[in-house]
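Contents: one structure, followed by commentary.
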Amino acid sequence: MRQKLVIGNWKMHGSLAANAALLDGIKAAPARARLAVCAPFPYLAQCQATLAGTAIAWGAQDVSAEVRGAFTGEVAAPMLAEFGCAYVLVGHSERRSYHGETDATVATKALRALESGLTPVVCVGETLAQREAGETEAVVGRQLAAVVEALSIDQLGKIVLAYEPVWAIGTGKTATSEQAQAVHAYLRGQVASGSAAASADVAARMPILYGGSVKPDNAAELFSMSDIDGGLIGGASLKAEDFLAIGNA
Ligand code: 13P
């Protein structure tokens, strides 16, 4: 049985004061799901100070594909580990589209995260044009395959996968629970069909989150689907009340 996981992706939002209020609100009430927040880099110390000792985990939104060196502006996985991060998002569609991240880069980032004991939340998803062209499975399958190829089966067993259709991110348009379930089932099937003996077991245990306009009023239906193990929440993770409502959905 996979426990539900709800991760907030704050994106480039927040301030010390706003985060303090948000984190206090999230800490104040229990949630049925495991909760985590992925904050901008400068606020990781604040998350660590505020959330250490609570049931709520924290993480970053990106990580360098390099371990150290002359890479101005980059943040390495061992640095995230020092700030107590449990998770790091890799391959979010905003990184893929605005920063030119390729499938290979995303796979390397997932590997770097694992090497430092972090759980990479590998994001995949198709654009509206790709969906309308009937390419959804080909696109998410290709994005997933790069990660499967780069990792050992043991490492693959430690990742979280997130399906985020690009057309549903920040648009208020959610995939229907059936649309999302179909892609989640496809992704789990792809993991299960790997050549390693443990592939089916790894697939059965892999948390696959849905992201894209998840709100308190649609979370319960999405999370009721058999292959949807929780959510990756953008806008609604910035309000403690909404984030907790989703964590309890
Ligand atoms: P929204 O929940 O704001 O649509 O964002 C989803 C997302 O991109 C989470 O990573």
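Atoms within each ligand, like the ligands themselves, are counted from 1 in listed order. No hydrogens, no waters, no symmetry mates; every other heavy atom, side chains included, goes into these values. Positions are given from 1, in the same order as the sequence printed here.
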Which ligand 1 atoms does Gly170 reach within 4.0 Å, using its non-hydrogen atoms?
1 (P), 3 (O), 4 (O)

Does ligand 1 have any atom sitting under 4.0 Å from a heavy atom of Gly211?
no

Please report whether ligand 1 has a polar contact with Ile169, defined as an N or O pair separated by less than 3.5 Å (distance criterion only).
no

Please could you name the atoms of ligand 1 that Gly212 approaches to less than 4.0 Å, counting only its heavy atoms?
4 (O), 6 (C)

Return yes when Ala168 approaches ligand 1 closer than 4.0 angstrom through a heavy atom, no otherwise.
yes

Taking both backbone and side-chain atoms of Asn9, is any N or O found less than 3.5 Å from an N or O belonging to ligand 1?
yes

Can you name the one residue among Arg205, Arg34, Arg188 that meets salt bridge (Lys or Arg N to Asp or Glu O under 4.0 Å) with Asp229?
Arg188

For a quick test of reading the model, state the closest non-hydrogen atom pair linking Ala146 to Ala107 and the distance between them.
O-CB, 3.4 Å

At under 4.0 Å between heavy atoms, which part of Leu232 makes contact with ligand 1: side chain, backbone, both or neither?
both

In the protein, which heavy atom is nearest to atom 2 (O) of ligand 1, and how far is it?
Gly234 N, 2.9 Å

If you measure every N or O of His92 against every N or O of ligand 1, does any of those distances drop under 3.5 Å?
yes

Under a 3.5 Å threshold, yes or no: a donor from one side chain and an acceptor from the other, between Gln181 and Asp227?
yes

For atom 3 (O) of ligand 1, tell me which residue out of Ala236, Gly235, Ser93 has the closest non-hydrogen atom.
Gly235

Got Glu101 and Lys109 here, is their nearest side-chain heavy-atom distance under 4.5 Å?
yes

To check you understand the geometry: which heavy-atom pair defines the closest contact between Tyr163 and Ala180, and what is its length?
CE2-CA, 4.3 Å

Heavy atom of the protein closest to atom 9 (C) of ligand 1 (residue, atom name, distance):
Glu164 OE2, 2.8 Å

Show which atoms of ligand 1 fall inside a sub-4.0 Å distance from at least one heavy-atom site of Ser213.
1 (P), 2 (O), 4 (O)

Can you measure from CD (Gln179) to CG (Leu222) and round to the nearest 0.5 angstrom?
10.5 Å

Would you say the side chain of Asn9 lies within less than 4.5 Å of the side chain of Glu164, judging by non-hydrogen atoms?
no

Tyr210: which residues meet the ring pair (Phe, Tyr, Trp, His ring centres under 6.0 Å) condition with it, sequence neighbours left out?
none

Closer than 4.0 angstrom: is that true for some heavy atom of Lys11 and an atom of ligand 1?
yes

Shortest non-hydrogen contact from Pro78 to Ser116?
N-OG, 3.4 Å

